[in-house]
Protein chains: 2
Amino acid sequence: MRWDALSKETCSVARAVSVIGDRWTLLILRDCFLRVRRFEVFQDRLGITRHILADRLRKLVKSGVLARAQYQSRPRRYEYRLTPKGLDLHPVLMSLVHWGDLHMAGRNGRPVLHRHTRCAHDFDPVLACSECGEAVTAKDVRVRPGPGASSDILPKELSS
Amino acid sequence: MRWDALSKETCSVARAVSVIGDRWTLLILRDCFLRVRRFEVFQDRLGITRHILADRLRKLVKSGVLARAQYQSRPRRYEYRLTPKGLDLHPVLMSLVHWGDLHMAGRNGRPVLHRHTRCAHDFDPVLACSECGEAVTAKDVRVRPGPGASSDILPKELSS
DNA sequence: TGTCAAGGTTCTATTTTGGAACTGACGACG
DNA sequence: CGTCGTCAGTTCCAAAATAGAACCTTGACA
């Protein structure tokens, strides 16, 4: 299966993965949320090769997650900023950070603290239900086909 | 930078990405949450090559996300199940699904619906603050170094 | 004229992946 | 007995992606 074949799958995860399912892309996005915007800064922080960085930034722009904006003329210089579509990835990154903090942290504890400015506390992200507001765990969720489903999206046992 | 170098980074995202930052791994995990457990079923559903599937399953077992369990003897057959560590990835996958639904869905709408069994409604995942319970957006969050921070974890502008 | 900076591109060598065939332990069929 | 089918992989080779390093371009500055 090719990269671009993934984006034509019915599944939302497959389509999302076709955009961000790459280790460098995820690390680039992490830095974007830390307000990194410039090619050289990404390169220094990530240790990624310039070739691949250019490629990933191009793909992220093409998919509408980042926007390339000129921040000076003469000489022309560009920076990369999260679009609204890119900002919507915040929950994905926050969930990833939290999982890493829980299961992969070193003995010194978490490397970064997140403060919720509305309540002024350091917090952990909690996945809540949009309907009742309670926290959701894997066992509380049942899946079923939606309007955009194709016949093979769920395994046989679940498609009833 | 090599794969295994990533897991030695201080950043929780980098460590998480060293485990799940791969398109196939994410798709395998999606299927795990749909209760797929067997080699052949993964292979049929994903269209992944058997070689790569075996490699990714091995890595997920090694990192403690999946457990390999014998489900019959004669002939010996094994299946792969999410461990508690793996189940903790549920918010990551849910966030990814939701982003895909929002920004990448086809014209027929979302392919899969999620029902919260506690309140019996179809729902969207919302990222909430563990301290005040309110929904969190990217703009409501400030980051700062935590106990496990290294000097280079945040860009210069934010390390104050 | 020479140097520096940002934001790339080009080159080759190494790694990873795709695609297909093969293995090995069994059970069932005829 | 011989053959077929299933499941969980492994092996092989060709094609694609990545790493690492050097190079290019535009313009500022001295």
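Sequence lines set the chain letters: A, B, ... in the order given, protein chains first and strands last, and positions in each chain run from 1.
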Self-check item: Residues in salt bridge (Lys or Arg N to Asp or Glu O under 4.0 Å) contact with B/R81, at least two apart in sequence or another chain
Solution: B/E79

Self-check item: Qualifying residues under side-chain hydrogen bond (donor to acceptor under 3.5 Å, both in side chains), relative to B/Q43, sequence neighbours excluded
Solution: B/R50

Quiz item: C/dG27, D/dT18, C/dT17: which one has an atom nearest the side-chain heavy atoms of A/R56?
Solution: D/dT18

Between the protein and nucleotides 7-11 of chain C, list every N/O to N/O distance that falls short of 3.5 Å.
from: C/dG7; atom 1: OP1; to: A/Y71; atom 2: OH; distance (Å): 3.0
from: C/dG7; atom 1: OP1; to: A/Y78; atom 2: O; distance (Å): 2.9
from: C/dG7; atom 1: N7; to: A/E40; atom 2: OE2; distance (Å): 2.9
from: C/dG7; atom 1: N7; to: A/R50; atom 2: NH2; distance (Å): 2.9
from: C/dG8; atom 1: OP1; to: A/R68; atom 2: NH2; distance (Å): 2.7
from: C/dG8; atom 1: OP2; to: A/Y80; atom 2: OH; distance (Å): 2.7
from: C/dG8; atom 1: N7; to: A/R50; atom 2: NE; distance (Å): 2.8
from: C/dG8; atom 1: N7; to: A/R50; atom 2: NH2; distance (Å): 2.7
from: C/dG8; atom 1: O6; to: A/R50; atom 2: NE; distance (Å): 3.1
from: C/dT9; atom 1: OP2; to: A/R58; atom 2: NH1; distance (Å): 3.2

Practice problem: Scan for side chain to side chain donor-acceptor pair (under 3.5 Å) pairs involving residues 85-97 of chain B, sequence neighbours excluded, and state none if there are none. | Solution: A/S95-B/S95, A/H103-B/D88

Practice problem: Identify which nucleotide among D/dT18, D/dA28, C/dG18 has an atom closest to any side-chain atom of A/P75, counting heavy atoms from C-beta outward. | Solution: D/dA28

Self-check item: Gap between atoms CD and C1', on B/Q72 and C/dC26 respectively (whole Å)
Solution: 9 Å

Quiz item: Between A/R23 (CZ) and D/dA17 (P), how many Å, whole number?
Solution: 15 Å

Quiz item: Nearest-Å distance, CG (A/L53) to C1' (D/dA17)?
Solution: 16 Å

Quiz item: Going by the salt bridge (Lys or Arg N to Asp or Glu O under 4.0 Å) test, which pairs reach into residues 114-129 of chain A, not counting sequence neighbours?
Solution: A/R110-A/D124, A/R115-A/D122, A/R118-B/D140, A/D122-B/R144

Quiz item: Rounded to the nearest Å, what distance is computed from the CD1 atom of residue B/I28 to the P atom of nucleotide C/dT17?
Solution: 11 Å

Quiz item: In whole angstrom, what separates B/I48's CD1 from C/dT16's P?
Solution: 15 Å

Practice problem: Round to a whole Å and report the spacing from CG of B/D44 to P of C/dG19. | Solution: 15 Å

Quiz item: What is the distance from CH2 of B/W24 to C1' of D/dA16, rounded to the nearest Å?
Solution: 14 Å

Quiz prompt | Residue pair A/L102 / A/W99, side-chain heavy-atom distance below 4.5 Å | solution = no

Practice problem: Would you list the pairs meeting salt bridge (Lys or Arg N to Asp or Glu O under 4.0 Å) in which at least one residue belongs to residues 58-68 of chain B, sequence neighbours left out? | Solution: B/D55-B/K59

Quiz item: Would you call A/L96 and B/I20 a side-chain contact if the rule is heavy atoms closer than 4.5 Å?
Solution: yes

Self-check item: Integer-rounded Å distance: C/dG18 P and B/L27 CG
Solution: 11 Å

Quiz item: So which nucleotide from D/dT18, D/dA28, C/dT17 ends up closest to the side chain of A/R74?
Solution: D/dA28

